[in-house]
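Because the structure is a prediction, the values reported are computed rather than measured. The chains referred to below are lettered A, B, ... by the order of the sequence lines, with proteins before strands, and numbering in each begins at 1.
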Amino acid sequence: MNIAIASGKGGTGKTTLSVNLAALFAEERKIVLADLDVEEPNSGLFLQGDPVSEGVRYKYIPEWEESTCTLCGECQKVCNFHAVIQLASQIMIFPELCHSCYTCSELCPTDSLPMIPQRMGMLKHSKDGMIDFVESRLDIGQEQAVPLIAQTIEYLGEHFGENTIKLFDSPPGTACPVIEVIKNADFVILVTEPTPFGFHDLKLAVETVKELKKPAAVVINRYGSGPADEIIEFCHTSDIAVLASIPNNRRIAELYSGGELIYTKVPEVRTELEKIKNHILKQWK
Amino acid sequence: MIVAFTSKGKGWGSMIDPRFGRTDYFLVYDESKDTLSAHDNRQIENEAHGAGPKTAQLLFKLEADVLITGNGPGGNAAAVLEKAGIKIFTGAQSFTVNEAYRAYQEEKLQEF
């Protein structure tokens, strides 16, 4: 089962929830946590694992073979991202715009756009106790997170069986990177906070999961720091369960700042996380 | 010379559009024929990606020699414009098209 932990707004507690939930699951289940926020992975700050494997990841972008090209213009017509532009007798390719979809390359009648590997980042797999942890990190200067996210999810499929729970710590927002994650999830947990910004972005995130037709539930973090009535009301009318409310508590912030697990030291958090775990395990059956 | 302006409207009195890739219009002034024509670029709103190169390609098709704009194109668009041999002048965002053309003639605009 693939579970995405997403939010809309950044900084609501996706990583805190991901790491703690992973550790809780690991007490009784096979679990892998994947940090798919490849532009800014930070789950690794809370896990001290022994390396399992590490490798450079490549994306494939087309390269123009001038000698065989007939300048038919098909490539630029089919590119949704304007990453291929024909200018008189020249074909220009913009790697930063390319989404590695292969369309131009596949549809070129003379095979004049072979796909060439280009380094985009690193994938690291480590093991902290019972938690398998996979982190991908995009190289500085790379603009496309989606191909690395897709490859990381593929890696998880190749290395872990059906009975391993896969937790995805997702990128924030509602744009392509998080859509790539949610697309591959069976269930989405949306973490929000009782602030106007948190509520606003929760609505966008709910719209996104509905568009993608994924079952989802909400976790309210820093519960008690502001009015949550609107959020609860909204979830109710949207037919989305509020699974848990993590209290706004100084002790939690201190543990987080020290890079420590929270649920093992704050019993209320364990109680809330158990609710999420039980909900997921119920779905699993 | 054919001089193109990024603009908010269709006439000499229109304001320069500071954006390149997502400009509302191009006004194209053919100096030898003394004709001004307007080209609607607003369908670019529907493009989530690659507005710069796409618009630069349009400018190439309009056979412009010179582009007068506001903020200046981004990296991808600039690469297309350079390949197309189009000279770029920036900093005209507070001008009307007419004023921008005069500033260009008086060499008061910055070459990109």
Applying a criterion of heavy atom separation less than 4.5 Å, what residues of residues 87-96 of chain B form contacts with chain A? none
Do other residues, nucleotides or ligands put more than 12 heavy atoms under 6.0 Å from the CD atom of B:Glu107? no
Check whether more than 12 heavy atoms from other residues, nucleotides or ligands sit under 6.0 Å from atom NZ of B:Lys10, and answer yes or no. no
Taking B:Ala79, B:Ala48, B:Gly50 one by one, which has the highest count of heavy-atom pairs under 4.5 Å against chain A? B:Gly50
Residue part contacting chain B, namely of A:Leu97, when any heavy atom lies under 4.5 Å: side chain
What donor-acceptor contacts under 3.5 Å connect chain B and chain A, backbone and side chains included?
residue	atom	partner	partner atom	Å
B:Glu47	OE1	A:His82	NE2	2.8
B:Gln57	NE2	A:Gln76	OE1	2.4
B:Gln57	NE2	A:Gln86	O	2.8

Test of understanding: with side chain to side chain donor-acceptor pair (under 3.5 Å), list the residues that count as partners of B:Glu31, not counting sequence neighbours. B:Tyr101
Identify, with sequence neighbours excluded, every residue that meets ring-ring contact (aromatic ring centres under 6.0 Å, His included) alongside A:Phe94. none
